[in-house]
Amino acid sequence: LEPRTYEPGGERPGGWAHRAELLPDARAALTWAYSDAGEPDLRIPLAAVCARLLVELNLLEECRVWAGRALAAPENARADQTAVVELLWAFGHAAMFTGRSIHECEAALRRGLELTQQLGDLQNQFRLLSRLHALHRRTGERKRLLEVALLAEAVARETGDPAALARAQTYVGIAYYLSGDQRLARERLQAGEAGDAAIPILPVDHFASPRGTHIVSCTNLWLLGLPD
């Protein structure tokens, strides 16, 4: 269950394309761990790796329930903080797309971001900022969207990762696009597209995956009077 880089050839038995085969065992393990007969010290780390699997399989309501249960457990206070970060990311992501409270979603993501800043975990900072960017896009909070995008850009620069740098350019471009500054948006979106083009293969579990969308870029060009 432990997340790892999904190498080319993941279609082979045991590879990433077969992760769905782990679902029955993951569910059974969670049910046991949270039963009276289960081992309390396993609850948080087990829920963290299972939450990642549930997100991968788009079982978001199930993910939200298990991640929320783990975060509310007494064991959470003494758990490994990297596992707690994973649970907060998964809970925030799942809550955002299952129609739950926006405040509950943002609180989880903000708490996760604070933890990653304390831990100096740049990759998970970027993952959480990516989810906050998506959240503020959905809520139409354009000022906060730009703030998150610029913070993601600063984190990406600190990592030096080409995929993160390209994604951050796209995030800033989207923020400018939704704020009405189409020329600044074009500069950033174009830079993000160029950065993406220079990365032929990006593992699907990379912290800056998935790649940026071209839909906003097309609309931006249209608004600038460049429909072709």
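None of the values given here were measured: they were computed from a predicted structure. Worth knowing before you read on, the calculation uses all heavy atoms, side chains too, and leaves out hydrogens, waters and symmetry mates. If you read the sequence from its start, that first residue is 1, and numbering goes on from there.
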### Query
Do Y176 and L189 come within less than 4.5 Å of each other through their side chains, counting heavy atoms only?
no
### Query
Which atoms form the tightest heavy-atom contact between I44 and A70, and what is the distance?
CD1-O, 3.2 Å
### Query
Could you go step by step and tell me if T98 and E62 meet the side-chain contact (heavy atoms from CB on, under 4.5 Å) rule?
CA-CA 10 Å; T98 54; E62 189 173 356; over 6 Å; no
### Side chain proximity check, L109 to L88, heavy atoms < 4.5 angstrom
no
### Task
Heavy atoms only: give me the nearest R43-S35 pair and the separation to one decimal.
NH2-O, 3.2 Å
#### Entry: Check: R167 and H133 side chains under 4.5 Å, non-hydrogen atoms
no
### Query
Would a hydrophobic clustering, with Ile, Leu, Val, Met, Phe, Trp and Tyr connected at side-chain separations under 4.5 Å, put L184 with L178?
no
#### Entry: Evaluation steps, side-chain contact (heavy atoms from CB on, under 4.5 Å), between R144 and E106
CA-CA 12 Å; R144 300 183 76 189; E106 183 174 3; 2.2 Å; yes
### Query
Is a side-chain donor-acceptor pair under 3.5 Å present for S179 with D181?
no
#### Entry: Hydrophobic cluster membership, V84 vs L122, 4.5 Å side-chain cutoff
yes
### Query
Does the pair L129 and Y171 meet the rule for a side-chain contact (heavy atoms from CB on, under 4.5 Å), with working shown?
CA-CA 10 Å; L129 287 165; Y171 291 160; over 6 Å; no
### Pairs where residues 38-66 contributes a residue and the test ring pair (Phe, Tyr, Trp, His ring centres under 6.0 Å) is met, not counting sequence neighbours
Y34-W66
### Message
Quick check: do L54 and L23 have side-chain heavy atoms less than 4.5 Å from each other?
### Response
yes
### Query
About how many Å separate CG of D161 and CD of Q123, when rounded to the nearest 0.5 Å?
7.0 Å
### Query
Shortest non-hydrogen contact from N124 to D121?
ND2-OD2, 2.7 Å
### Query
Does one hydrophobic cluster hold both L221 and V172, with members joined at side-chain heavy-atom distances below 4.5 Å?
no
### Validation row: Q117, L128 side chains within 4.5 angstrom (heavy atoms)
no
### Query
Are L22 and W32 co-members of a hydrophobic cluster defined by side-chain heavy atoms under 4.5 Å apart?
no
### Query
Do S217 and Y177 have side-chain atoms, one donor and one acceptor, less than 3.5 Å apart?
no
### Task
Taking the side chain as every heavy atom from C-beta outward, state whether F91 and L71 have any pair of such atoms under 4.5 Å apart.
yes
### Query
Are F126 and T116 side-chain neighbours, meaning at least one heavy-atom pair lies under 4.5 Å?
no
### Query
Looking at R188 and E153, does any basic side-chain N land under 4.0 Å from a carboxylate oxygen?
yes
### Same apolar cluster (I L V M F W Y, side chains within < 4.5 Å links), V55/V65
no
### Query
What distance separates C63 SG from E56 CD, expressed to the nearest 0.5 Å?
10.5 Å
### Task
Apply side-chain contact (heavy atoms from CB on, under 4.5 Å) to F97 and R138, showing your working.
CA-CA 10 Å; F97 293 108; R138 291 170 68 86; 3.4 Å; yes
### Task
Determine the minimum heavy-atom distance between R64 and A95, stating which atoms define it.
CD-CA, 4.2 Å
## Note on the structure
Heavy atoms of L53 and A26 approach each other most closely as CD2-CB, 3.9 Å
### Query
Does the pair R111/E114 count as a salt bridge with the N-to-O cut at 4.0 Å?
no
## Note on the structure
Students should find that the hydrophobic cluster of L165, defined by side-chain heavy atoms under 4.5 Å apart, otherwise consists of none
## Note on the structure
Smallest heavy-atom separation, L30 atom then C50 atom, equals CD1-CB, 3.7 Å
### Task
Check whether any side-chain heavy atom of C105 lies under 4.5 Å from a side-chain heavy atom of L135, and answer yes or no.
yes
### Query
When rounded to the nearest 0.5 angstrom, what is the spacing between CG in L132 and CZ in R127?
12.5 Å
### Query
Nearest 0.5 Å, what's the NZ-NE2 distance between K143 and H136?
12.0 Å
### Task
Among R142, R137, E141, find the one that has a side-chain hydrogen bond (donor to acceptor under 3.5 Å, both in side chains) with T139.
E141
